[in-house]
Number of protein chains: 6
Amino acid sequence: MSEVEERMDDIPPLKFLSAANKDALKEFIELKSAIMAEGALSSREKLLIALACTVAVKCESCIEIHTKEALKNGITMEEILEAASVAGLVCGGSGFSFASIVLEVSK
Amino acid sequence: MSEVEERMDDIPPLKFLSAANKDALKEFIELKSAIMAEGALSSREKLLIALACTVAVKCESCIEIHTKEALKNGITMEEILEAASVAGLVCGGSGFSFASIVLEVSK
Amino acid sequence: MSEVEERMDDIPPLKFLSAANKDALKEFIELKSAIMAEGALSSREKLLIALACTVAVKCESCIEIHTKEALKNGITMEEILEAASVAGLVCGGSGFSFASIVLEVSK
Amino acid sequence: MSEVEERMDDIPPLKFLSAANKDALKEFIELKSAIMAEGALSSREKLLIALACTVAVKCESCIEIHTKEALKNGITMEEILEAASVAGLVCGGSGFSFASIVLEVSK
Amino acid sequence: MSEVEERMDDIPPLKFLSAANKDALKEFIELKSAIMAEGALSSREKLLIALACTVAVKCESCIEIHTKEALKNGITMEEILEAASVAGLVCGGSGFSFASIVLEVSK
Amino acid sequence: MSEVEERMDDIPPLKFLSAANKDALKEFIELKSAIMAEGALSSREKLLIALACTVAVKCESCIEIHTKEALKNGITMEEILEAASVAGLVCGGSGFSFASIVLEVSK
């Protein structure tokens, strides 16, 4: 939990829960750990799925954070662009628009 | 293109475009092929990403179709549930609600 | 206002406001009249725009009602399909899925 | 936790997590408890806020479950209709359409 | 109506309607008054419900305006954070991300 | 295709697809051409429908681009405001908030 907490101020959902409800913060981090853990799918695959979902829900700060997290975990920009493209296919022109946010992060 | 066309009546977006605009149908199928093709990510990974995005955008018929397509391509229910869980994490209680649609398809 | 009220039970937003808040029902109907009135755009064009927006917001009952209302006002199925196609372009595969609901209404 | 678990099969997000990931189910229930607990706002107020949010996110099964849960906790239909009306104000015609689902539940 | 009008330029929906359609502006303000009026729920409860719904619909400027309006009406930041937390529960990680916007306003 | 490509860097969905997948870029442009072509509805009507849909899907950069594109094609600000108003009617207060973005573009 330590690394996540250190970066907490840069991660809006954690920053919010830290201010709003410490118990909920703890449970949300544990929920995230339970879901993102290596399983039938690898952690790397789950990071790419999460990134694509942030494009699909049109959440700009979520896209930025998940792109950074993916890059930090050794996922390549090429893989990120392909995952974001799939989200765009499901979401159309507005999806490809939000997908373009991943390009800003890589700069 | 033949297999997709045969199943067209069961796939709402293709059924719609077939009735509305044959040129757009052709381009949409080609756009889908270009995006879903094996690349830095495998087709299997892209199918799982697409499935998770349909949960994220709260489209019931999309979830059903992508779950069936995933199963048909040898993806296991365990993998599908993990992909849908990641979508749920991004989308909360309402996301887990829509994720439950994948359970109906497996019956 | 009379014709709208007669059909109120078949129109979910009006049925809801009729049960919840008669003042709000009256204001919502007047808001709708003010916005849908003939202006720089014709009523027919506004009906088509409204229909496309119901596809974009993924509201099944809204799509059904606006398709029926468009047909009743002399708009052709061909025009409806084109308006729904534009919504699909903005919204991708999930948009074309919801667009397919207009095909059910025409039956 | 027992009462929630008994009703689990009728509550899509819990049914899904029960099938997908028992750890995540436990954490989600604890996250929900942490957030819905009596605090600066009462549990009753939080139930009404949650109900309004399910209308805002256009999740039909969520609206049904939260309406039932509110009624079971002694919240009146009049209060439910007012909470759903506020969601409708934020979400427009499509919001009032989804709000009408609360009327089905009360039957 | 006077106070609302004075602040109109800072409130995007009113600014838009003022430019687009004065009749619709008047009806929207009356619709808002009819729905937000003291009733089975208090005005204070309705302000909190509206705030939570703006988080649920992912509208940044709406969250800012409703947070300011709540603070101006004597609602505490603690109450605002709890209402936003409930929205986050319904909407997941992306919901908690948008909820963090209320923290910016309080600064 | 030349004019679209020249402006590509200012249009997020095209910029994204240009970086992510050249084949998909080509197919998306052809899909757009097939759907936006003069038909039962005029190109002008389709531009207005697309603009309204970008408001409905709450995509800020999409609204900016479609407003500019509409103005460039001889559509008046009055017509744009009416189209955006219809989107607002379907989408409520949060819809009118996003509609206000068209006012920024006209400056």
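Throughout, a chain's letter reflects where its sequence line sits, starting with A, and its residues are numbered from 1.
Side chain of Glu78(C) to main chain of Ala40(F): no donor-acceptor pair is present (N/O by atom type, distance under 3.5 Å, no hydrogens or angles).
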Under 3.5 Å, which donor-acceptor pairs link side chains of residues 85-94 of chain F to any protein atom two or more places apart or in another chain?
{"residue": "Ser85(F)", "atom": "OG", "partner": "Leu81(F)", "partner atom": "O", "Å": "2.7"}
{"residue": "Ser94(F)", "atom": "OG", "partner": "Val90(D)", "partner atom": "O", "Å": "2.8"}
{"residue": "Ser94(F)", "atom": "OG", "partner": "Lys58(F)", "partner atom": "NZ", "Å": "3.4"}
{"residue": "Ser94(F)", "atom": "OG", "partner": "Cys91(F)", "partner atom": "O", "Å": "3.3"}

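Atom CD of residue Glu79(C) and atom CG of residue Leu41(F) lie 5.5 Å apart, to the nearest 0.5 angstrom. Note that the CG atom of Leu51(F) and the CD1 atom of Ile49(C) stand 8.5 Å from one another [nearest 0.5 Å].
Residues in residues 22-65 of chain F take part in these ring pair (Phe, Tyr, Trp, His ring centres under 6.0 Å) pairs, two or more places apart or across chains: Phe96(A)-Phe28(F).
For the options Met36(F), Glu45(F), Lys32(F), heavy-atom pairs under 4.5 Å to chain C are most numerous at Glu45(F).
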